[in-house]
Amino acid sequence: MPNFESVHVNKLSTIASLVISAFVLSACGERPPEKKTATQVVAKVNGGEISVHQVNYVLQRTPNIPPAQADAAKRQVLEGLIDQELAVQQAMEAKLERTPTVMQAIENARREILARAYLEQSVGKLGKASTSEVGKFYAEHPELFANRKIYRLEEVLFAATPDNVAVVRELLGKGKSVAEIVTGLKAKGVEVVGGVAVKPAEQLALEILPKLAQAKEGQPQLIESPGRAAIITVLATKSEPLDEAKAQPFIENYLSNKQKADLARDSMKQLRDKAKIEYVGEFSGTPAATAAAPEKAAATGGDAVINKGIGGLK
């Protein structure tokens with residue numbers, strides 16, 4: 001549930017991102033005039049205007065707003081757009097859109113928007129997963145549904161170099177405690193982060209969830225992932241099953257997103273196959289790569305090793 005009061009906490013960073021968005025639309029030049037009828041304009045800010053379409057655009061990208069908070073949400077969005085307009089006016093007056101850093105940011109944002117628009121067009125509109133597909137997914141993942149648990153986990157993350165992984169695997173094999181392993185890694189100069197967290201099954205990566213579902217409480221496990229590794233210990237669990245009827249909308253959403261990701265990946269692969277790609281400079285001689293997975297950018301956080309579940313279950 002969105003907490004609209006919390007918007008003020010990070011207001012400066014929010015305004016900065018909104019200013020960049022506005023610069024993208026202005027295409028590094030004078031802002032194009034917008035034709036608005038009196039009913040479309042919801043606020044006038046000095047010489048600028050904010051339309052109801054701008055408010056609705058932001059609201060459409062803020063899903064699951066409770067009906068009781070709809071009016072408060074609209075007001076919060078409008079106030080944010082007013083802040084945006086004020087900041088943009090000052091930035092344009094100072095000709096900030098002509099500075100190299102801002103121009104580069106605008107170009108990067110423009111390219112990202114165009115690439116996303118192409119991928120969205122390429123996947124088209126997909127229908128909902130069939131009843132049989134939903135049932136099959138439900139049956140194949142009892143750890144997510146019929147046997148769903150809430151996990152209290154201790155997570156220790158570190159760089160997954162061959163040396164680090166070998167050391168941790170050896171120490172676990174000798175029955176060393178997690179505290180002893182962490183001490184050993186830090187003594188080698190390895191950065192270690194982590195802590196204790198409570199997570200439902202759907203917030204855990206599908207690849208490791210079956211392992212955790214079968215794990216004994218207090219027994220640490222080594223989980224490897226490209227670039228990162230983790231020692232995960234199940235401290236406690238609480239059973240909270242979810243029947244198929246309640247799980248259906250979440251499964252449909254997951255399967256739809258997965259299908260879109262697969263189609264987007266196939267589309268990029270086809271483009272790469274047809275394109276002439278030549279690596280130069282420091283990348284000269286790089287072997288041809290495959291299309292990057294659409295979700296890869298979202299999995300760059302420190303705990304991406306374990307946080308790649310289907311999400312959304314309540």
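- Partners of Val123 under the side-chain contact (heavy atoms from CB on, under 4.5 Å) rule, at least two apart in sequence or in another chain, are Lys260, Leu263, Ala264.
- Shown here are the side-chain hydrogen bond (donor to acceptor under 3.5 Å, both in side chains) partners of Glu133, two or more places apart in sequence or in another chain: Ser130.
- Residues meeting the side-chain contact (heavy atoms from CB on, under 4.5 Å) test with Gln248, sequence neighbours left out: Val134, Glu252.
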> Run the side-chain hydrogen bond (donor to acceptor under 3.5 Å, both in side chains) check on Asn164 and Thr161 step by step: do they pass?
Replying inline: CA-CA 5 Å; Asn164 290 345; Thr161 66; 3.1 Å; yes
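- Residues Ala91 and Glu97 approach most closely at O-OE1, 4.0 Å, considering heavy atoms.
- A search for salt bridge (Lys or Arg N to Asp or Glu O under 4.0 Å) contacts involving Lys44 returns nothing, not counting sequence neighbours.
- Distance alone, capped at 3.5 Å, places no donor-acceptor pair between the Glu143 side chain and the Lys149 backbone.
- For Gln104, the side-chain hydrogen bond (donor to acceptor under 3.5 Å, both in side chains) criterion is met by Asn108, not counting sequence neighbours.
- With sequence neighbours excluded, the residues forming a salt bridge (Lys or Arg N to Asp or Glu O under 4.0 Å) with Lys258 are Asp262, listed by chain and number.
- Residue pairs that meet the salt bridge (Lys or Arg N to Asp or Glu O under 4.0 Å) test with at least one member in residues 163-177, sequence neighbours left out, are Asp163-Lys188, Arg169-Glu224, Glu170-Lys174.
- The aromatic rings of Tyr254 and Phe137 sit tilted relative to each other, their planes meeting at an angle between 30° and 60°.
- Applying the side-chain hydrogen bond (donor to acceptor under 3.5 Å, both in side chains) test to Ser267 and every residue at least two apart in sequence or in another chain returns Tyr118.
- Scanning all heavy atoms of the two residues, the minimum distance from Leu209 to Ala201 falls at CD2-O, 3.8 Å.
- Residues forming a salt bridge (Lys or Arg N to Asp or Glu O under 4.0 Å) with Asp71 (at least two apart in sequence, or on another chain): none.
- Every side-chain hydrogen bond (donor to acceptor under 3.5 Å, both in side chains) that Glu112 has, sequence neighbours left out, goes to Arg116.
- Remark: Glu140 pairs with Lys136 by the salt bridge (Lys or Arg N to Asp or Glu O under 4.0 Å) rule, at least two apart or across chains.
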All N/O donor-acceptor pairs, side-chain side in residues 232-239, below 3.5 Å, sequence neighbours left out:
none

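- Summarising the geometry of Glu85 relative to Gly48, their closest heavy-atom pair is OE2-CA, 3.8 Å, with the distance given to 0.1 Å.
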